[in-house]
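One structure below.
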Amino acid sequence: MRDVAQRLLEWYDRHARVLPWRVPPGGSRADPYRVWLSEIMLQQTTVAAVKSYFERFIQLWPDVHSLAAADDSAVMAEWAGLGYYARARNLLACARQVAAEGGFPVTRAGLQTLPGIGPYTSAAIAAIAYDQPETVVDGNVERVVARLFAVETPLPAAKRELVDLAETLTPNGRSGDYAQAMMDLGATICTPRNPACVICPLSDGCAARRLGIAPELPRKAPRKAKPQRAGIAWVVTDGTSILLERRPPKGLLGGTLAFPSTGWDGGAATAPLDAAWRKLEPIQHVFTHFSLEMQVHLAKTNAPAARGHWVRLDHFNPADLPGLMRKVWARAAPEIAR
DNA sequence: CAAACGTGGGT
DNA sequence: TACCCAAGTTT
């Protein structure tokens with residue numbers, strides 16, 4: 001039986017996905033800035049969702065120095081809709097630190113000191129941008145390794161064991177190709193459900209396939225029930241502008257642009273002004289750890305606001321808002337237009 | 001270590 | 001429909 005890494009790389013040479021941030025197999029070294037930017041965007045986020053965001057960021061900020069010089073509000077607006085907004089805040093903090101230091105660190109340990117870069121991302125940048133034989137372990141690799149070695153311990157308890165096993169497979173050459181090959185295999189062949197074992201280049205040596213339990217691995221601890229919460233969002237217009245506010249820099253939707261709201265996140269508990277509110281049909285939204293029913297209250301008034309700032313409707317771009325607030329706007333906008 | 005942290009797509 | 005999942009990090 002040939003080496004796992006060798007078989008995987010031969011498969012990758014023929015089947016590597018073509019992605020905007022990727023250098024073709026066997027190609028030149030990737031730009032650390034592009035690798036870093038894509039890896040941050042890809043954290044817990046699908047390739048399909050990331051593509052257009054990556055292209056726009058590269059157009060606007062082609063290198064770490066231009067990104068470091070960007071306004072916070074511009075970056076938050078471009079990130080809006082992608083989720084996990086701490087990533088965007090850390091992205092800017094990281095860019096400014098890297099620009100000040102003259103470039104990215106070139107070791108995994110150095111990379112991991114930067115904001116937003118943890119065990120996975122540091123290994124990915126070291127392997128893909130610097131061709132270092134660091135072992136990259138994301139959800140794909142956890143699944144591939146759990147199946148190859150038939151690890152039946154549930155996650156997250158199995159994490160340490162899976163990392164140790166993954167390290168035994170990492171080759172010394174073609175580090176970037178190998179890391180991306182493992183992830184491509186997990187994403188396209190060794191999938192969570194209905195893995196395509198019949199066409200898998202590693203099926204010969206796969207213990208889970210031999211045991212007939214590949215689709216069941218990795219096992220996972222049962223997850224907690226999702227609580228239901230309720231809140232109110234106030235949409236105010238004076239006929240020319242609408243009232244928006246910047247959310248606090250930490251916590252849920254931290255740093256994003258939003259309609260004044262309350263009741264669901266522990267924030268301020270009163271309306272931004274007194275008005276005759278019209279209650280629209282509530283919107284539904286699901287976060288990672290709770291479900292939300294958001295009442296949408298609409299008013300037209302010239303009264304002064306206790307908080308937030310007015311944004312002219314002809315300068316307002318709903319795409320600058322996070323997903324939840326886009327839904328609020330989609331509910332209110334047709335009523336404002338009437 | 002468990003919990004917080006978004007969103008959209010697949011089954 | 002309801003649940004699972006996606007190139008995780010931070011606290």
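Heavy-atom basis, side chains included; hydrogens, waters and symmetry copies ignored.
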Next item on the list: Taking atom P in both B/dA4 and C/dA7, compute the distance separating them and give it to the nearest angstrom.
Entry: 24 Å
Check: Quantified in whole Å, what is the C1' atom distance between nucleotide B/dG6 and nucleotide C/dA6?
Finding: 12 Å
What's the [atom1]-[atom2] distance between [X] and [N], to the nearest Å?
| X | N | atom1 | atom2 | result |
| --- | --- | --- | --- | --- |
| A/Glu39 | C/dG8 | CD | C1' | 11 Å |
| A/Phe290 | B/dG6 | CZ | P | 9 Å |
| A/Leu155 | B/dC1 | CG | P | 12 Å |
| A/Lys327 | B/dG6 | NZ | P | 14 Å |
| A/Met182 | C/dA7 | CE | C1' | 13 Å |
| A/Leu321 | B/dT7 | CG | P | 10 Å |
| A/Arg229 | B/dA4 | CZ | P | 7 Å |
| A/Arg143 | C/dC5 | CZ | P | 9 Å |

Next item on the list: Measure from the side chain of A/Gln43, starting at C-beta and using heavy atoms only, and say which of C/dT9, C/dA7, B/dG6 lies closest.
Entry: C/dT9
Indicate, with a heavy-atom threshold strictly under 4.0 Å, whether [X] touches base, sugar-phosphate, or nothing.
| X | answer |
| --- | --- |
| A/Gly186 | nothing |
| A/Arg22 | base |
| A/Thr121 | sugar-phosphate |
| A/Ile117 | sugar-phosphate |
| A/Gly254 | nothing |
| A/Val50 | nothing |
| A/Arg326 | nothing |
| A/Ile125 | nothing |
| A/Trp21 | base |

Hey, does the side chain of [X] reach the backbone of [Y] with a donor-acceptor pair shorter than 3.5 angstrom?
| X | Y | answer |
| --- | --- | --- |
| A/Arg143 | A/Cys190 | yes |
| A/Arg209 | A/Gly205 | no |
| A/Gln295 | A/Glu281 | no |

Check: Side-chain donor-acceptor pair under 3.5 Å between A/Glu39 and A/Tyr120, yes or no?
Finding: yes
Notebook entry, point to check: Regarding A/Gln180 and A/Arg22, is there a side-chain donor-to-acceptor distance under 3.5 Å anywhere?
Noted result: yes
Notebook entry, point to check: For A/Pro192 and A/Lys250, take the nucleotide of DNA chain C holding the closest heavy atom to each; which residue's nucleotide lies nearer the 5' end?
Noted result: A/Pro192
Note to self: Need to verify one output field. Residue with the more 5' nearest nucleotide on DNA chain C, A/Pro119 or A/Thr288?
What the structure shows: A/Thr288
Margin query: Going by side-chain contact (heavy atoms from CB on, under 4.5 Å), A/Trp234 matches just one of A/Leu298, A/Val296, A/Thr262, A/Leu273. Which one?
Written below: A/Thr262
Notebook entry, point to check: Between A/Leu280 and A/Glu335, is any pair of side-chain heavy atoms under 4.5 Å apart?
Noted result: yes
Phosphate OP1/OP2 of [N]: any [X] side-chain N/O under 4.0 Å:
| X | N | result |
| --- | --- | --- |
| A/Tyr85 | B/dT7 | yes |
| A/His289 | B/dC5 | yes |
| A/Lys224 | B/dA3 | yes |
| A/Arg223 | C/dC5 | yes |
| A/Gln44 | C/dA6 | no |
| A/His285 | B/dT7 | yes |

With distance as the sole criterion, do the side chain of [X] and the base of [N] form a donor-acceptor contact below 3.5 Å?
| X | N | value |
| --- | --- | --- |
| A/Arg87 | B/dA4 | no |
| A/Thr45 | B/dG8 | no |
| A/Tyr120 | C/dG8 | no |

Item checked: Closest-nucleotide ordering on DNA chain B, the 5'-leading residue of A/Ala157 and A/Thr46 -> A/Ala157
